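Residue numbers start from 1 in every chain, and the chains themselves are labelled A, B, ... in the order their sequence lines are given, proteins ahead of strands. All of these numbers come straight from a predicted model, not from anything done at the bench.
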Amino acid sequence: MGIYKEFKGLNLPEIDKEQLEFWKDKSIFEKSMQEREGQETYVFYEGPPSANGKPGIHHVLARSVKDIFCRFHTMQNKLVERKGGWDTHGLPIEIAVEKALGITKEDIGTKVTVEEYNAKCRETVMQYKDLWDDVTNKMGYWVDLENPYITFENEYIESVWNLLQKLYKNDYLYKGYTIQPYSPAAGTGLSTHELNQPGSYQDVKDTSAVAQFRPIRNEQSEFLFDSADEDVAIIAWTTTPWTLPSNTALAVGKKITYTKVKTFNPYTGKPLSVLLAQDLVGKWFKAEQAELKLEDYQQGDKKIPYLIASDYLGAQLLDIRYEQLLPYAQPEEGDAFKIIHGDFVSTSDGTGIVHIAPSFGADDMFVARQNGIGALTMVDKQGKFIDSMGEFAGRYVKNYKDDPDYVNVDIDISVKLKKENKAFNVQKYAHNYPHCWRTDKPILYYPLDSWFVKATKAKARMVELNKTINWKPAHTGEKRFGKWLENLQDWNLSRSRYWGIPLPIWRTEDGSEEICIGSIAELRSEVEKSVAAGHMTEQLAEGFDMHRPFIDTVILTAADGRPMKRELDLIDVWFDSGSMPYAQWHYPFENEEKFKANYPADFIAEGVDQTRGWFYTLHAIAVMCFDSVAYKNVVSNGLVLDKNGQKMSKSKGNAVDPFTTIAKYGADATRWYMISNAQPWDNLKFDLDGIDEVRRKFFGTLYNTYSFFSLYANVDGFDYKEAVIPVADRPEIDRWVISMLNTLVKEAGEDFAAYEPTRATRKIQVFVTDHLSNWYVRLCRRRFWKGEKNADKIAAYQTLYDCMVTIAKLMAPVSPFFADFLYRNLNDSTQQEAHESVHLAFYPAVNESDIDSDLEQRMNYAQRISSLVLSLRKKERLRVRQPLRKILLPVLNPTFKGQVEAIKELVLSEVNVKEVEYLEDGSGFIKKKVKPNFKTLGRRMGKNMKQAAAKISTFTQEDIALIEKDGCISLTLGEETFNLEAEDFIISSEDIPGWLVANDADLTVALDISLDDALLAEGTARELVNRIQNIRKDRDFNVTDRISLTIEKHDDISGAIDQFKDYICTEVLATELTIVENLENGQDVELIDEVVVKMNVSLN
RNA sequence: CCUGAUGUGGCGCAACUGGUUUAGCGCAUCCGCCUGAUACGCGGAAGGUUGGUGGUUCGAGUCCAUCCAUCAGGACCA
């Protein structure tokens, strides 16, 4: 039994389990923080997930990203605390509960008490907490699950109230009357989020009407009239004729050209001049009817003639007044019934004149306010016309009640307009209209009272501070988030629901006095006053619930003694999560020091969908309340799609379950795959085969490297107790891999620090598979299993060991399980470092002095030369086991020969060739070619580059020799002469006449393929060794077992046996090799070219 | 409709500020090979008008314009 553990095979899920146990037993996560107590902090904020849905594979990606940087900075010796959190309020939970209870919103407070309902919410919201904790644990995400912040707890709510009060005091809160999507059928306002539910927008056919508004004839409008009796109408189109009684203005575009068209009303046949946008005349009048004469028209004619009379610019029409279309009521406040300008007016639809009903359209309200226009609200919250609507009073504007006898109000209004010569056109119109996702009834836009955060007031500062935040990727911050901030609207804070943080504002009935409460203590003292004033009978109980309905029983007293009731609204849940930097510590009521040390965050990460969600609310609250950013670095990760690029969804059945994936492939392979395959902010096409590939290629290779190491280190008893051999004294290849390793440490460190995990993982992977395993270990195998434990062998062990320990550290942030497994298997045995886990260790320091770019370059030559030789062998069908005489290398530049000499032995043994011969300049063998170096020459020559390139291609061998000798050459193009230097050219050898040649960029290699008896015999000897090794392997001999060999005499191998008997015996660990005339019981072994020998291999 | 991202062999990705790139790598396919590390790898074959078009430039996968496609976000739906 050696000191290093040996394993039968790579089992990542098993490693996961062992590591989890180990971390738990030894409290490694806790230690990773305890050991860094007092060090510089790296602050991370956990965006709270909602535990009322199950975790998906995209959560694994998001949390991997978070985990990577927290772990990386822990390894930078920083204190990284990560408080977990839960988002517990909001509509998704309420809806889930309604569904579970089989009720709708209207039933709350009637069928179910608010108290019962909220209790159910509280209970339901954590229903999948265990599942979340489980996935967090299994994927290796380190976050404090023991002491999470929970948004429904009183302490949390109190902190939020404090923030709200801060906003209130700084004049950031106001109550406003705005137009919002509203569902009369459900009796509730809808958030834009709800409006964006799939299926909300439905294609429907509505009655649309073009109404005729008659301008009042006066000095201002006189220019519109040609004669004393001309009947002029401004026509406007609407798909909601029920809003026409509420019309108070018409909007035109200042720059739009309007045309007056003389024609007849199609329903009454009376002469009429209509005004509409020039661009839309063709939409309402057929070209062929322009041919008809107005005077020929007879009432009832199907084809109505028309005549284009005159054009006006929209600006000319402004402020013209018109007669109210359906005068059921007058607006109480503001101006009305005049033409105003609207930015949004276009000529893509309708008539280019927009009917404005401020109560029923957000744009309408906005433009009306700008112009001092009042509103009419002729429809109530149930969706029916109010009493003053005459014959329409009490009728629903849409069929909200599923009344089978429902008569369409839009049609009746249209009929009325037709009769009164007020309709120019009425027809069915198919369009897309939002519907309530709960009741499936059309919504309407309705003015509602809401509390707003005056975010627009802080807009400039938010934009400015956003520029100091490092966004990954940059465009999400600069463009998506930056643009959104620039077009910021006030934040509608109100939600008329039950399960959420109540708005802490109490008002007198007339709204003349109000108070915003900022703490429980303050509420308590206000309640005391209220009890004294007789509005309440009892003081607040200890630990009272701050939710509804309890909070609504609190009635406060105004200065003049009048009662104040709480505004019934809850606040937007996004305010909850945006408050977490403060509320997670119950700041400012507790933990002031803690808060200050942890604000703002160094790093947060969430999905890009949080740009307008959490990223915004964090930023907005921080700017408005603290004039600060909330986070300095933010990674917004992309979506996780299925392997075909489709969105994952349960209904499609293409969702990947995180639990089965982790259980099957291990957390590390899953994490490594997700991070190395695509940048976190790109969408990831998630393919399980990709995880398997990562497992095989990366983890498999690294595991095998360890297996290889442990196998021989155990045999040799390498425990790293020997004196460290200075790097400078180690062989070329050791110094090379150490140089490469240090380059990697440097670059990967920079990548991690720059929030570029994908780059880091790719570099680590290339190092492990290409450089460490397939070059270093492959070429060094013999050093590990041959001969005594001498300095060379120790150097090899130390080098390989150091590489693996370092790799364990580099990969630890991304693949915490395997990294620790590797680290502990190495370090536990040698005790080189005092850390019991890689996650307590530090990111390795770069030894700049060990980085040798010359060395890296010559090893690159070695790899490429080997590759070229192997390619030539392939072409000539010369097995690698067959030794060849020599390689010919043209010398490219003065340093080339020295560089190749240093790695000559590696190349020769790799490609099984005896020697290298250099072809020097002037040997006459080499033909060189020259190409311009566009990078340097292009800059200098500019426009002349093309000509110069042509000229350079005509250079003779002598010219090239001249460049190499003098380092410069002059080139004449027409009038001009340029002095060019050696660096302006790329010289390479092209060909070696008479030889088998291969090229790779500037390298050229020729191979001598002539064979003699000695080479053939050696080749045969190597074949024999290979076959015997295979037999050893087949028979499961130990690598150290000695054997005896008996081979039947065969002419084709006698030369090999004569000359290479010792070699063969050493290679296969044979104590004796006997040749016999006849071998019975021997096994047939095929060598080459159908040569079959009989041999017997036996264990000593 | 606006904004942004993406578009490179069948698939997934790369190519530092435009220039030693004949557009690389991996997976998959086929042929061959090496291996006392049973994992990988190596060599070769096949596979591309770098989404289209136009432009700037001595030179464009890279910059500009425009169009197309996909994705995301937003506006609007009178």
Side-chain angles (χ1 to χ4, degrees), chain A residues 9-10 192 201 208 236-240 243 251 342 344-346 348-357 360-364 431-434 473 475-476 478-480 483-484 487 608-609 611-612 638-639 641 643-645 647 676-678 681-683 685 687 689-690 693 696-697 699-709 711-712 758 762 766 769-770 773-775 777-778 781 784-785 866-867 870-875 877 879-881 931-939 941-949 985-986 988 1001-1002 1026 1029-1030 1032-1033 1037-1039 1067-1069:
Chain A
L10 175 62
T192 44
Y201 277 85
S208 73
W237 177 63
T238 180
T239 54
T240 52
T243 61
F344 52 85
V345 177
S346 75
S348 57
D349 271 319
T351 62
I353 295 160
V354 179
H355 137 66
I356 300 293
F360 303 111
D363 261 344
D364 300 38
H431 65 150
N432 207 250
Y433 197 81
H475 60 79
T476 298
E478 284 165 21
K479 308 284 168 124
R480 184 187 275 212
K483 287 262 167 69
W484 146 266
N487 298 315
V608 68
D609 53 327
T611 311
R612 286 168 183 76
L639 303 171
L641 309 169
K643 63 178 176 182
N644 300 316
K647 239 182 234 179
S676 65
N677 191 58
W681 37 88
D682 286 336
N683 289 346
K685 289 177 189 164
D687 186 357
D689 291 342
E693 189 185 324
R696 285 198 332 264
K697 282 188 66 114
F699 291 98
T701 303
L702 189 52
Y703 165 79
N704 272 298
T705 306
Y706 170 77
S707 297
F708 174 85
F709 169 84
L711 179 65
Y712 293 106
T758 306
R762 285 178 180 172
V766 165
T769 58
D770 294 3
S773 171
N774 281 308
W775 193 252
V777 174
R778 195 160 57 88
R781 273 173 300 187
F784 292 91
W785 51 268
S866 302
S867 169
L870 291 172
S871 134
L872 287 170
R873 275 182 173 276
K874 166 73 187 175
K875 255 182 215 150
R877 296 176 183 279
R879 299 177 318 280
V880 179
R881 274 191 290 267
K931 274 200 320 191
N933 181 356
F934 286 98
K935 200 163 189 172
T936 63
L937 206 52
R939 226 164 267 153
M941 306 291 289
K943 277 190 182 157
N944 300 309
M945 194 59 227
K946 220 168 210 168
Q947 251 186 301
F985 299 97
I986 297 154
S988 57
D1002 56 338
N1026 170 254
Q1029 299 287 35
N1030 286 343
R1032 287 184 62 119
K1033 207 162 100 183
F1037 290 179
N1038 279 323
V1039 282
E1067 287 296 312
V1068 303
L1069 299 180

Categorize A/S707 for me: base, sugar-phosphate, or nothing, with a 4.0 angstrom heavy-atom threshold over every strand shown. nothing

Inter-nucleotide C1' distance (B/rG7, B/rG48), Å rounded: 14 Å

In whole angstrom, what separates A/K685's NZ from B/rU8's C1'? 12 Å

What nucleotide, of B/rC71, B/rA5, B/rA37, holds the atom closest to the side chain of A/H475? B/rA5

Look at the side-chain N and O atoms of A/S773 and state whether any lies under 4.0 Å from the OP1 or OP2 oxygen of B/rC40. no

Span that lies between the P atom of B/rA46 and that of B/rA39, in whole angstrom: 32 Å

Taking it one step at a time, do A/F708 and A/V777 satisfy side-chain contact (heavy atoms from CB on, under 4.5 Å)? CA-CA 9 Å; A/F708 174 85; A/V777 174; 3.8 Å; yes

Pick the P atom in B/rG52 and in B/rG61, then give their distance to the nearest Å. 11 Å

Out of B/rU3, B/rA78, B/rA37, which has the shortest distance to the side chain of A/V354? B/rA78

Calculate the interatomic distance between A/R781 atom CZ and B/rC42 atom P; express it in whole Å. 13 Å

Quick note, A/Y433 side chain, CB onward, closest among B/rA37, B/rA78, B/rC76 is B/rA78

Suppose you measure atom C1' in B/rG47 against the same atom in B/rA23; what distance do you get, rounded to whole Å? 14 Å

Minimum-distance nucleotide (side-chain atoms of A/N774 versus B/rC13, B/rA37, B/rG41): B/rG41

Nearest-angstrom distance, P atom, B/rG10 to B/rA5: 27 Å

By the 4.0 Å heavy-atom rule, please label A/V777 as base, sugar-phosphate, or nothing. base

Say we look at B/rG18 and B/rG59: how far apart would their P atoms be, to the nearest angstrom? 16 Å

To the nearest angstrom, the CH2-C1' distance between A/W775 and B/rA37 comes to 17 Å

With both distances under 3.5 Å as the test, what is the Watson-Crick or G-U wobble partner of B/rU66? B/rG52

Taking the side chain of A/K697 as heavy atoms from C-beta outward, which of B/rA37, B/rC13, B/rC27 is closest to it? B/rC27

Taking NE2 from A/H355 and P from B/rA78, how many angstroms apart are they, rounded to a whole number? 10 Å

Any-strand Watson-Crick or G-U partner of B/rG73, both distances under 3.5 Å: B/rC2

Minimum-distance nucleotide to A/T701 side chain [options: B/rC13, B/rC40, B/rA37]: B/rC40

Between B/rU56 and B/rA65, how far apart are the two C1' atoms, rounded to whole Å? 10 Å

Can you check whether A/K483's main-chain N or O pairs, donor with acceptor, with A/N487's side chain at less than 3.5 Å? yes

Can you figure out which of B/rA37, B/rU3, B/rC40 approaches the side chain of A/R778 most closely? B/rA37

B/rG43 pairs with which nucleotide, Watson-Crick or G-U wobble, both distances below 3.5 Å? B/rC31

If you check the A/R762 side chain, which of B/rC27, B/rA78, B/rC13 turns out closest? B/rC13

Using a 3.5 Å distance criterion without hydrogens, assess whether the side chain of A/R778 forms a donor-acceptor pair with backbone atoms of A/W775. no

Could you state the CZ-P distance from A/R480 to B/rC71, rounded to the nearest angstrom? 15 Å

Using a 4.0 Å heavy-atom cut-off across all strands, classify A/R696 as base, sugar-phosphate, or nothing. sugar-phosphate

Per A/L639 side chain, nearest of listed nucleotides B/rA78, B/rA37, B/rA72: B/rA72

Ignoring hydrogens and geometry beyond distance, is the side chain of A/T476 in donor-acceptor contact with the base of B/rA5 at under 3.5 Å? no

Any base atoms under 4.0 Å from A/F699, or only sugar-phosphate, or nothing? Heavy atoms, all strands. nothing

The side chain of A/E693 is closest to which nucleotide in this list: B/rC27, B/rA78, B/rC71? B/rC27

Could you check which nucleotide pairs with B/rG12 in any of the strands shown, counting Watson-Crick or G-U wobble with both distances under 3.5 Å? B/rC25

Say we look at B/rC11 and B/rU50: how far apart would their P atoms be, to the nearest angstrom? 16 Å

For B/rA37 and A/Y706 - does any side-chain N or O of the residue sit under 4.0 Å from the phosphate oxygens OP1/OP2? no

Could you tell me whether A/N1026 contacts a base, only the sugar-phosphate backbone, or nothing, with contacts defined as non-hydrogen atoms closer than 4.0 Å? sugar-phosphate

